[in-house]
Asks: 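Okay, here's the structure, questions in a sec.
Atoms within a ligand are numbered from 1 in the order they appear, just like the ligands themselves. This chain uses plain numbering: 1 for the first residue, then up along the sequence.
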Amino acid sequence: MHKIGIMGGTFDPIHNGHLRAAEEVREALYLDRVIFIPAGQPVLKLDKKLSSAQDRLNMCLLATAGNPHFSVSDLEIQRAGLTYTVDTILELRGLYPNAQLYFIVGTDAAETFHKWRDADKILENCCLVVVSRPGENKGEHSRNYQYLDICQMDISSTKIREAVAKGCSISYLLPEAAAQYISKHELYRDEISRFTAILAAELSRPRYQHSMSVMEEAVALGKHHGADADTLKKLEIAGLLHDCAKNWSEEMPYSQVAEICARGGYVLDGFFAKTPALAHGYMGAVLAQEKYGITDPEIISAIANHTFADQNMSFIDKIIYLSDFIEPTRAPSEDREAARQLAYKDIDKALLFVLELTIRRNLERGRNVYQKSIQAKEFLEEQNGKR
Ligand code: ATP
Ligand code: MG
């Protein structure tokens, strides 16, 4: 009789734990083949955000391509609504009326088996094969089941997703083709890790480190001043991206920088003609939208204002401006230390201190000072005076 193994799962992504389990069951039970069936929308994972069914299916196809005994079916993905294993088993029973079906699950999935819809009906139509998984007890499951102690691989899709999000290697946890698919399609990357990868490739090493450091400083300073989770997320992104245009602005002619800034409504005046790189904040605000897909006006504003400051700055604007000045990879100086101390005491006083210092330094060096900084300083002085 034809013996078919069925390996169901979310496969987000498929990994060597799944593949090795299927291979060992196939050998031990003399199965003719094993079909991997990625779930459409698993009932037990309704609260989790999954990768698209197509991505999960594609990874299964890539991962199993080298094994003639393995195949992949999209029948659960094609089925509308929530995925119930009983529907799958009955469908397979109809497709292969004379085959012996073996449904393979790890010990963790077996634990919850009694909760699955129509568990009895599943067992009437197939044999449950429970395979060992690290950290899980064998347990007692159901009548029609077989337990197999297999080579235990402490690999889970969760661990792989977490590793990708942190930018760590996932080599040898899953077939290389599936790992490459994850990288190419940027799966499991949150905004921060996606942006970090772009900046790491585009910015010089010190500027990249400075960006990371501004991000960390902004979050620390924001937290210190009682920012909520939503604000901290904005600080993180604005800090990371604040210099995203700096390299480009240094290489481009003024006309091009001005044209890009104008797309965001930032009209450059003659001040920038000789030093277009000074407009990198405004240009960064445009790139943040066009290249990084940022739509939040508070993040965009903080990037735009980090070089010169402005009147009426928001909390986020101020924190980014200050973090850019005080972050620890900057050359240490007494002024910087004083600014840092002040930033953790009183944001507005710190802002005024840094603005005055920057204006004074520029004047001493015979440089022009952009009027926005002067206006920002006067605005703050007036506000402080009123207090
Ligand atoms: P997640 O961490 O997202 O829950 P997972 O690694 O547990 O993912 P699933 O797609 O949930 O993978 O699992 C599908 C099936 O494969 C389940 O029956 C599960 O018990 C089994 N399985 C998963 N990983 C292993 C492993 N390392 N060894 C043996 N069986 C495994
Ligand atoms: Mg699981």
Asks: Do any N or O atoms from the side chain of Glu186 and from the backbone of Ile182 form a donor-acceptor pair under 3.5 angstrom?
Replies: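 A pair under 3.5 Å: no.
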
Asks: What atoms in ligand 1 come closer than 4.0 Å to a heavy atom of Gly8?
Replies: 14 (C), 15 (C)

Asks: Please report which non-hydrogen protein atom sits nearest to atom 9 (P) of ligand 1, along with the residue it belongs to and the distance in Å to one decimal place.
Replies: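 Going atom by atom, the protein heavy atom closest to atom 9 (P) of ligand 1 ends up being His18 NE2, 3.6 Å.
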
Asks: What's the shortest distance from atom 11 (O) of ligand 1 to any protein heavy atom, and which residue and atom give it?
Replies: Lys45 NZ, 3.0 Å

Asks: When the ring planes of Trp116 and Phe113 are compared, do they come out parallel, tilted or perpendicular, using 30° and 60° as the limits?
Replies: tilted

Asks: With a 4.0 Å cut-off on heavy atoms, is Gln152 in contact with ligand 1?
Replies: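 Under 4.0 Å: no for Gln152.
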
Asks: When Phe308 is tested against each of Tyr266, Phe272, Tyr321 for ring pair (Phe, Tyr, Trp, His ring centres under 6.0 Å), which residue passes?
Replies: Phe272

Asks: When you measure from the centre of the six-membered ring of Phe70, is the NZ or CZ of Arg33 under 6.0 Å away and within 45° of the axis?
Replies: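 No, a cation-pi geometry is absent between Arg33 and Phe70.
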
Asks: Show the atoms of ligand 1 that are less than 4.0 angstrom away from any heavy atom in Asp108.
Replies: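 Listed by number with element, the hits are 19 (C), 20 (O).
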
Asks: Within the 4.0 Å heavy-atom shell around Arg161, which atoms of ligand 1 are there?
Replies: 3 (O)

Asks: Specify the protein heavy atom at minimum distance from atom 18 (O) of ligand 1: its residue, its atom name, and the distance to 0.1 Å.
Replies: Gly106 N, 3.0 Å

Asks: Verify whether the ring centers belonging to Phe11 and His18 lie closer than 6.0 Å.
Replies: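 Distance test on ring centres: under 6.0 Å, yes.
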
Asks: When you measure from the centre of the six-membered ring of Tyr84, is the NZ or CZ of Arg117 closer than 6.0 Å and no more than 45° off the axis?
Replies: yes

Asks: Tell me, please: is Arg20 in heavy-atom contact with ligand 1, that is, under 4.0 Å?
Replies: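 Arg20: no contact with ligand 1 (<4.0 Å).
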
Asks: Could you list which atoms of ligand 1 come closer than 4.0 Å to a heavy atom of Gly9?
Replies: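 Near Gly9, meaning under 4.0 Å from one of its heavy atoms, ligand 1 has 10 (O), 14 (C).
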
Asks: At the 4.0 Å heavy-atom cut-off, does Ile155 count as touching ligand 1?
Replies: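 Heavy atoms of Ile155 do come under 4.0 Å of ligand 1.
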
Asks: Which residue and atom name correspond to the protein heavy atom nearest atom 2 (O) of ligand 1, and how close is it?
Replies: Thr158 OG1, 2.3 Å

Asks: Under 4.0 Å from a heavy atom of Val105: give me the atoms of ligand 1 that qualify, with their elements.
Replies: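 This gives 18 (O) as the contact atoms.
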
Asks: Go through ligand 1 atom by atom and flag the ones less than 4.0 Å from a non-hydrogen atom of Met7.
Replies: 16 (O)

Asks: Tell me, which protein residue and heavy-atom name are nearest atom 28 (N) of ligand 1, and how many Å apart are they?
Replies: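 Its nearest protein heavy-atom neighbour is Arg133 CG, 3.6 Å.
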
